Trainee: 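Structure provided below as C-alpha cells; questions to follow.
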Amino acid sequence: MSNGNDRWSALKGDSQGSDGGRRYGGYSKQYNRKGYGSRQSSGSESRYNSWDRYQVKTEDGEVLRGSQGSSDRRYSNRVIETKPRWSRFSDNQKDRAARGDEPQVLRKDLDVGDGKGELNPFTGRSFSRNYYRLLELRKKLPIYNHRDEVLKIVGENKFVVLVGDTGSGKTTQVPQILSMKYGKENNKLIACTQPRRIAAVTVAQRVAEEMDVRLGDEVGYSIRYEDETSSRTILKYCTDGLLLRESVTDPLFSKYSMIIIDEAHERTISTDILMGMLKQVVFEREDFRLVVMSATLDAEKLQKYFNNAPLISIPGRMYPVEIKYLEEPVEDYLQATIEAISQIHKEEPAGDILVFLNGEDEISTAVKDLEESLGSVPGEGHPSGVHVLPLFSSLPSNAIQKVFEDPPKNKRKIVIATNVAETSITIDGIVYVVDPGFSKQKVYNPRNRVESLQVAPVSAASAVQRSGRAGRTRAGVTYRLYTEDAFEGLTAMTYPEILRSNLNSVVLQLRTLSMNPVEFDFLDPPPPETVMRALECLLYLGALDQTGQVTKFGKAMSVFPLDPELSRTLLAAPELGVAQEVLAIVAMVSAAPNCFVRPLNKAREADQAKRRFEAEESDHLTLLNVYTEYMIHNNSSQQWCWENFLNERALQSAAKAKEQLERLLEQQGYSTKSKRIGFDYYGQSIAIRKAIAQGNFMFSAVECKRATYLTTKDNVEVKLHPSSGVRTRPTWLIYNELVITTKAFIRTVTQVEGGWLLESSPNYFTPDHFTNDIVSYEIAKLTGERKKSRSAMNTNLRQAY
DNA sequence: AGGGTTTTTT
C-alpha cells in the first residue's frame with residue numbers, strides 16, 4: 001500500500017486477522033515486561049502441570065495456529081480443564097450427560113433447526129427463511145465450531161473463562177448456545193451483561209432474530225427504564241449496572257441459573273463488583289454457573305481469580321489490518337495527524353478514514369483545517385476531495401447520525417472522533433485509522449481527592465481496539481503516530497475504574513447486603529483509604545451507625561440509583577415540602593450533567609441563553625429552571641432545546657430519571673407532593689437549598705479571600721467556575737464538582753447558610769475536626785453564634801416571665 | 001472576575 005519512500009515503516013509480520021498474522025504484535029512482550037499477568041516460565045509450568053489438558057478439536061485449526069504469538073500458544077488452541085475441589089454438582093441426568101458420563105444428547109439441542117422443515121422449539125412453528133439465512137452467517141463465525149467445547153466445559157465447571165477477540169461471535173453465540181441447554185433449567189433464566197445500554201439492546205435484537213423468536217419473548221433485554229422481557233424469557237441481555245442493582249433485592253441472584261459477564265476486560269466498576277459477588281454466589285448456590293467473557297488480554301488474571309477456572313479461547317475473525325509505525329517520534333501530534341491524513345488521501349486507495357483526537361476543540365480545529373486544505377483536493381479514488389465530520393458524545397443526535405451516512409459522491413469520508421469511536425460507536429466501512437496514541441483520561445489524585453482530565457498515552461489495549469476499527473468490513477491500515485518502541489512501552493491495560501473512583505455508593509450497597517467491603521474479594525482491590533473514606537462518609541450521612549451497621553435511613557438511601565449524598569438530599573426533601581423540586585434537581589445532577597451546550601463558535605449566544613435560566617443564589621436552582629421550562633415545552637422540545645443551547649438527550653434522560661426516582665420515593669412511603677402553600681419564592685428557595693445542604697455538606701466551601709473559597713474537606717483553594725451563575729458572593733457554598741484545569745474550580749454551586757450545614761451533620765462540623773485554621777475559625781464562629789443566639793433566647797424567655 | 005468536558009451506568 002505504501003511506496004516505501006515515506007516515513008511509515010510497515011512492520012513485517014505485524015499484520016493481523018484471519019490470514020494468520022500475529023495479532024497486534026508486541027502484546028505478549030508488553031505483558032512480560034510490565035509483569036501484568038506475566039507468565040514466568042518456571043512458575044507457570046508447575047502451575048499448569050497439575051492440570052488436565054484438553055485439546056480442542058477444531059475444524060479450523062489453521063486459523064488457530066496462525067493466530068498464535070510465540071508466547072501465547074498456550075492460549076488459543078487449547079482448553080485447559082480443571083476440576084476444582086469445591087465444584088459440587090447435583091447429580092442429575094443433565095449434568096452426567098454434560099460430563100460425558102452418558103451418551104451425548106447435546107447435539108440435538110444444539111443443532112435444532114439445522115435441517116430444513118424442523119420446528120422452532122420455542123414457537124412450535126417452522127423456521128422462517130430469515131432464520132436459515134442468518135444460520136449460514138452464524139456457521140461462518142469462529143465460535144460455531146467450538147459449540148461442543150463450550151457446552152462441555154461449561155457443563156463440567158461452575159466457573160468458566162472464555163476469551164475471544166473481535167469477530168469471534170462470542171457475544172451473540174455463547175449465550176445462545178448455553179440458553180438452548182440451560183435456559184429452562186429449574187425455571188430460571190440466563191443473563192448476559194454488557195457495559196453499555198446500546199449493546200444490550202442491539203445484541204438482544206440480533207439474537208432474537210437468529211433464534212427466530214420475538215424480542216421480549218424467549219430473548220429479551222433489560223436496561224434502566226426499559227424492560228423487554230417476559231415470563232417466557234430464557235435469555236436476557238442487560239447492562240452490568242442493572243444486574244448489580246438487582247442484587248439489592250435478590251443477593252443470591254436466584255432468578256438466574258447462569259450469568260455471563262461479557263466484555264470483562266473493560267473493567268467497569270459494576271463488572272468488577274459483580275464478579276466478586278457472583279464468585280461468592282457460585283459457592284453458595286449449587287445450581288448456578290458463571291461464565292466470564294473477555295478479550296484475550298487478561299485471561300490468566302481472570303482464570304486465577306476464579307480459582308483456576310478453565311479457559312476456552314476462540315479466535316477472532318477480522319479482515320487483516322496492517323499496522324504502520326513512525327520511524328521517528330513527532331513533536332506535534334496534531335500536525336502529524338493532519339499530514340498523515342493528507343498523505344493517505346493523496347496516495348492510498350479509496351476508503352474512509354477514522355481519526356482519534358482528544359476533545360471538542362482539537363476536533364473542531366482539525367475538521368476546519370482539513371476542510372480547508374483538502375476539501376476539494378482530489379485523492380486516490382476520491383476525485384472530489386474529502387468530507388470531514390466531527391464525532392463526540394455531546395454532539396446532537398442528528399450530527400452523530402451523519403457519521404453513518406454516505407459522503408457526497410466521489411468524496412472521501414473522514415471522521416474525527418474522540419474515544420466514543422473506540423467502543424461505543426462503530427462505523428462500518430472504515431479502511432484507514434489514524435491514531436496519535438492519546439486520549440483524555442480521568443485522573444484521580446488521592447491526596448486531595450480531586451479528579452481531573454488529562455491527555456495521556458492510551459493503553460496498548462486501547463491502541464489495539466482502535467486499530468481494529470479499520471478491519472471491520474475489509475482489509476485496512478492503521479497509522480500509529482508513534483514508534484514501535486513507544487507502543488512496546490505502553491501500559492498494557494487501561495487502569496481499572498474501580499481503582500480511580502469514589503466507592504461511596506458501592507460500599508453502601510455491600511453493607512446493605514451485610515458484606516464487608518474491606519474483605520471483599522476484588523479482582524483489583526481498591527486502595528484501602530478509598531474504602532475507609534467511603535465508610536466514614538456513610539457514617540456522617542447517617543447511612544451507617546458507629547458499628548458499621550446499615551441504619552434504617554441507610555437502607556432507604558440504598559434503594560436509589562444515586563450517590564449516597566444525593567439519596568440523602570432526596571430523602572430530606574419531602575419534609576421540607578419541596579419533593580418535586582428536589583426530585584428534578586437530583587435527576588438533573590445525576591442524569592444530565594452536561595445539559596448546557598456551548599459550541600466554540602457560538603459561545604456568546606450560548607452563555608446568553610443560559611443566563612435566562614439563572615438563579616443568582618444557586619446553580620442547582622438554575623438546573624431546576626431548565627428542567628421546568630423543558631417540561632413546559634416538551635412537545636416542541638427539539639427546537640426549544642436547539643434555541644436554548646440545551647442538550648435534548650440529556651434532558652430526556654433527566655426526565656426519565658425523575659420519574660424513576662419519584663416512584664422509588666413513593667414506594668418508601670414518602671409523599672412526593674410539594675407543599676406550595678405558605679411559600680414565597682425565597683421560602684421555597686431556602687427549603688430546596690436546605691435539602692441540598694443536608695446531603696452535600698461534605699462538599700462545602702467557605703470564603704477565605706475575596707472571590708476565593710476553601711473546601712472544608714481537603715483545604716483546596718478554589719474559585720467559582722466562570723460558568724456558575726451565582727453572583728451573591730456567599731460565605732458558605734455547596735459545590736457539586738471540583739475540577740482542576742487552569743486553576744481549581746468548583747462547579748454547580750449553591751449558596752447555603754453555615755447554620756444549615758451544622759444542622760445537617762453536627763458530628764462533621766466541629767472546629768477541631770478541621771486542620772485548616774480558616775475553616776475551623778468559621779465553624780467556631782457558627783457554633784459560637786448558635787450558642788449566643790440560644791442564650792439570647794434564654795434572656796428573652798427570662799424577661800418574658 | 002472569567003473558562004474548558006474522555007466516556008459509561010444504576
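Fair warning: this is a prediction, and the values are worked out from it, not measured in the lab. Just so it is clear: chains get the letters A, B, ... in the order the sequence lines come, proteins before strands, and each one is counted from 1.
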Trainee: Of the candidate nucleotides B:dT5, B:dG3, B:dT7, which contains the atom at the shortest distance from the side chain of A:Ser393?
Mentor: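 It is B:dT7.
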
Trainee: Name the residue closer to the 5' end of DNA chain B, choosing between A:Pro561 and A:Gly359 according to the nucleotide with the nearest heavy atom.
Mentor: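 Looking at DNA chain B, the more 5' nearest nucleotide goes with A:Gly359.
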
Trainee: Can you figure out which of B:dT7, B:dG3, B:dT8 approaches the side chain of A:Asp607 most closely?
Mentor: B:dG3

Trainee: Give a yes/no answer on whether the side chain of A:Arg747 brings an N or O atom under 4.0 Å of OP1 or OP2 in B:dT5.
Mentor: no

Trainee: A:Phe392 side chain: which of B:dG3, B:dT9, B:dT7 is closest?
Mentor: B:dT7

Trainee: Does A:Thr418 make a side-chain N or O approach to OP1 or OP2 of B:dT7 shorter than 4.0 Å?
Mentor: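 Yes, within the criterion.
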
Trainee: Whether the side chain of A:Arg469 engages the backbone of A:Glu422 through a donor-acceptor N/O pair (distance < 3.5 Å, no angle test) should be reported.
Mentor: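 Yes: the side chain of A:Arg469 pairs with the backbone of A:Glu422.
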
Trainee: Nearest-Å distance, CD1 (A:Ile223) to C1' (B:dT10)?
Mentor: 12 Å

Trainee: Rounded to whole angstroms, how far apart are CD on A:Glu703 and P on B:dA1?
Mentor: 13 Å

Trainee: I want to confirm an ordering. Mapping A:Pro722 and A:Pro195 to their closest nucleotides on DNA chain B, which one lands closer to the 5' end?
Mentor: A:Pro722

Trainee: Ignoring the backbone of A:Asn419, work out which of B:dT9, B:dT10, B:dT6 is nearest its side chain.
Mentor: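 Of the candidates, B:dT6 comes closest.
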
Trainee: CD1 of A:Ile416 versus P of B:dT6: gap in Å, rounded?
Mentor: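 After rounding, the reported distance stands at 15 Å.
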
Trainee: Closest to the A:Thr239 side chain: B:dT6, B:dT10, B:dG3?
Mentor: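 Of the candidates, B:dT10 comes closest.
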
Trainee: Is it true that A:Glu662 and A:Lys658 have a side-chain N and a carboxylate O under 4.0 angstrom from each other?
Mentor: yes

Trainee: Output yes when A:Arg267 and A:Glu497 qualify as a salt bridge under the 4.0 Å nitrogen-oxygen rule, no when they do not.
Mentor: no

Trainee: A:Ile269 has an atom CD1; how far is it from atom P of B:dT9, in whole Å?
Mentor: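 Spelled out: CD1 on A:Ile269 to P on B:dT9 is 14 Å.
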
Trainee: For the side chain of A:Lys440, starting at C-beta, report the closest nucleotide among B:dT5, B:dT8, B:dT6.
Mentor: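 Of B:dT5, B:dT8, B:dT6, B:dT6 is nearest to the side chain of A:Lys440.
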
Trainee: Just N and O in the side chain of A:Arg706: are any of them under 4.0 Å from OP1 or OP2 of B:dA1?
Mentor: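 Yes, A:Arg706 has a side-chain N/O under 4.0 Å of OP1/OP2 on B:dA1.
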
Trainee: Would you classify A:Phe560 as touching base, sugar-phosphate or nothing, given that sugar-phosphate means primed atoms plus P, OP1 and OP2, and contacts are heavy atoms under 4.0 Å?
Mentor: nothing

Trainee: The side chain of A:Ser424 lies closest to which of these nucleotides: B:dT8, B:dG2, B:dT10?
Mentor: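 Of the candidates, B:dT8 comes closest.
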
Trainee: Nearest whole Å is fine: how far is B:dT9 C1' from A:Leu503 CG?
Mentor: 15 Å

Trainee: Less than 3.5 Å between a donor and an acceptor, one on the side chain of A:Asn358 and one on the base of B:dT6, is that the case here?
Mentor: no

Trainee: Rounding to a whole Å, what distance do you find between A:Asp563:CG and B:dT10:P?
Mentor: 15 Å

Trainee: Specify the separation, in whole Å, of atom OH of A:Tyr221 and atom C1' of B:dT10.
Mentor: 17 Å

Trainee: Within the structure shown, what part of the strands sits under 4.0 Å from A:Arg245 by heavy-atom distance: base, sugar-phosphate, or nothing?
Mentor: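 Base contact.
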
Trainee: A:Asn504 and A:Glu565: side-chain donor and acceptor closer than 3.5 Å?
Mentor: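 Yes - a donor-acceptor pair under 3.5 Å links their side chains.
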
Trainee: Whole angstroms only, please: what is the CG-P distance between A:Leu570 and B:dT10?
Mentor: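 After rounding, the reported distance stands at 18 Å.
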
Trainee: Determine the contact category for A:Glu266: base if any of its heavy atoms lies under 4.0 Å from a base atom, sugar-phosphate if only primed atoms, P, OP1 or OP2 are that close, otherwise nothing.
Mentor: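 Contact class for A:Glu266: none.
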
Trainee: Taking the side chain of A:Val420 as its heavy atoms from C-beta onward, which of B:dT10, B:dT6, B:dT8 lies nearest to it?
Mentor: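 Of the candidates, B:dT8 comes closest.
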
Trainee: Would you say the side chains of A:Gln194 and A:Thr239 form a donor-acceptor pair under 3.5 Å?
Mentor: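 No, because no side-chain N or O of A:Gln194 sits under 3.5 Å from a partner of the opposite role on A:Thr239.
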
Trainee: Do A:Arg612 and A:Asn644 meet the criterion of a side-chain donor-acceptor pair at a distance under 3.5 Å?
Mentor: yes

Trainee: Would A:Arg500 pass as a cation-pi partner of A:Tyr495, given that its NZ or CZ must be under 6.0 Å from the six-membered ring centre and within 45 degrees of the axis?
Mentor: no

Trainee: Taking only N and O in the side chain of A:Lys743, is any of them less than 4.0 Å away from OP1 or OP2 of B:dG3?
Mentor: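 True: A:Lys743 side-chain N/O within range (under 4.0 Å) of B:dG3 OP1/OP2.
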
Trainee: A:Glu497 side chain: which of B:dT6, B:dG3, B:dT8 is closest?
Mentor: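 When the side chain of A:Glu497 is considered, B:dT8 is the closest of B:dT6, B:dG3, B:dT8.
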
Trainee: Among B:dG3, B:dT9, B:dT7, find the nucleotide with the atom closest to the side chain of A:Phe745.
Mentor: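 For the A:Phe745 side chain, the nearest candidate turns out to be B:dG3.
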
